[in-house]
There are 2 protein chains.
Amino acid sequence: MVQVMDPARVQTRRMEILAAASAVFRERGFHAAGMREIAQRMGVAVGKLYYYFDSKEALLAFCQEDCLRRLLDMVAQAEQSSASPALQLQAIVRGHVRCLNSEVPGSLAHLEVESLAPADRARIMRLRRRYERALQGVLERGVAAGCLRCADLPLATRTLLGAMNWTVKWWRPDGRMGLDALADGVVEQMLHGLAVSRRKGAH
Amino acid sequence: MVQVMDPARVQTRRMEILAAASAVFRERGFHAAGMREIAQRMGVAVGKLYYYFDSKEALLAFCQEDCLRRLLDMVAQAEQSSASPALQLQAIVRGHVRCLNSEVPGSLAHLEVESLAPADRARIMRLRRRYERALQGVLERGVAAGCLRCADLPLATRTLLGAMNWTVKWWRPDGRMGLDALADGVVEQMLHGLAVSRRKGAH
DNA sequence: CCATCACTTGAACCATGGTTCAGATGATAA
DNA sequence: TTATCATCTGAACCATGGTTCAAGTGATGG
């Protein structure tokens, strides 16, 4: 062994590739993105990508996994804070839209699950469910604490997820509002709703 | 002219193709869907698809356009009813999730805009914006009428759109809830929110 | 009948783009 | 200096799948 197979160095290379891939995936969409284009963006040859990843699908899987772990870390951190559930929710929504929309590697990960190889899909879906459950747990504790209410917890979770995930389809960095303002607006709407009248069955 | 080029017949054929294409697009996603598979689903040859459509992209464009026109009709109908804005909103959400999730042709249209040919994209985007504006108009009139409130109209519209569009990612016909129940749940949450406490700046 | 033409067929064509691999590079230990 | 091995290169390979088109079918008007 003349040269070390430094795992840290490998990890670094993988993250660099991830960053470029993530950017191209975001701009072109997964299918339209080409391996050549990702390589070109980094100023390297295509072969390098295949030295660190088995396939394009593996690259996508790594991309999604990284993002989901980031999200899970974020929600865990929010959970263990002493803030009220409503404030925890705000922190989570901020973290979520930032994670999906910022330039950092791993964004856009949620979408495009269909394109994953079956082998990876199971693992990703498990992480995804874990994140959704965590999110639902925050709502649930809010209800238990008496400061939130909702008739259908899973539905509420998915509605929230939809609102957050959809932002990647329209939000642009050069738009009129920043990510935090966006997140705060979503939270405000989600918490207090659009109706002026008192809610009907407020038992 | 020995045989008539019956426009109605042509339209029928196009709609039949649309139905099959829409189904396959939904199951596999646009890129993974193959023209051969669409043809096979109908029990015809691939060539037939190209007799009625210029390309796969044109097929997608037709698919999206059909769905958007359906949505626009639906929202127009809701608008000219004498129901309260809140009830109009309910009707629209019901119509929207039904349109996106039911088996009828044209569903799943909103997503995959990236895959459109530039020529079609402009037309589709125009329809899309028109629909979003119509939706926003309903909210706006609700605010004007004093039964709705919202700090950021465009943001509210997009949040709602996100919640509705996201349903195609998780709702399944064999699940526990029907489409109308789903829609009603979304409306309830959107109108009255998740918070128990009085809203803060309720001027 | 026959000619015409809308409509349909499906095998063949071909561009795209993911993937491979034989060879170059260069750092390190001996 | 030299051998070795991780790392990287990029041209070539090849499967996939959108697209074409020459030929078939059958209804219709003459």
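Since this is a predicted model, take the numbers as computed values, not measurements. So you know, we letter chains A, B, ... as the sequences are listed, proteins then strands, and number each from 1.
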Between P of D:dT20 and NZ of B:K48, the distance in whole Å: 19 Å
Whole-Å distance between C:dC7 P and B:M42 CE? 14 Å
Do NZ/NE/NH1/NH2 and the carboxylate oxygens of A:E65 and A:R70 come within less than 4.0 Å? no
Send over the distance from B:E16 CD to C:dC7 P, rounded to a whole Å. 13 Å
Run B:D66 and B:R14 through salt bridge (Lys or Arg N to Asp or Glu O under 4.0 Å) and show every step you take. CA-CA 11 Å; B:D66 178 76; B:R14 284 169 67 92; over 6 Å; no
Measure from the side chain of B:Y52, starting at C-beta and using heavy atoms only, and say which of C:dT9, D:dT7, C:dT8 lies closest. C:dT8
Between the protein and nucleotides 14-18 of chain C, list every N/O to N/O distance that falls short of 3.5 Å.
{"from": "C:dG18", "atom 1": "OP1", "to": "A:A33", "atom 2": "O", "distance (Å)": "3.1"}
{"from": "C:dG18", "atom 1": "OP1", "to": "A:K56", "atom 2": "NZ", "distance (Å)": "2.8"}
{"from": "C:dG18", "atom 1": "OP2", "to": "A:M35", "atom 2": "N", "distance (Å)": "2.7"}
{"from": "C:dG18", "atom 1": "N7", "to": "A:R36", "atom 2": "NH2", "distance (Å)": "2.4"}
{"from": "C:dG18", "atom 1": "O6", "to": "A:R36", "atom 2": "NH2", "distance (Å)": "2.5"}

Taking the six-membered ring of B:F30 as reference, does the NZ or CZ atom of B:K56 fall below 6.0 Å from its centre and within a 45° cone about the axis? yes
Just the rounded figure in Å: distance from C1' of C:dT20 to CZ of A:F53. 18 Å
Among the candidates D:dG10, D:dT7, C:dT9, find the nucleotide nearest to the side-chain atoms of A:A45. D:dG10
Please figure out whether A:Y51 or A:G47 has its closest DNA chain D nucleotide nearer the 5' end. A:Y51
I'd like to check the side chain to side chain contact (heavy atoms under 4.5 Å, CB included) partners of B:Y50; sequence neighbours left out, ordered by chain and number. B:M35
Can you tell me how far C1' of D:dT7 sits from CZ of A:R13, to the nearest Å? 9 Å
Please report, rounded to the nearest Å, how far the P atom of D:dT19 is from the CG atom of B:L59. 10 Å
Salt bridge check: are A:E16 and A:R41 linked by an N-O gap of less than 4.0 Å? no
Tell me whether B:R141 at atom CZ has more than 12 heavy atoms from other residues, nucleotides or ligands lying less than 6.0 Å away. yes
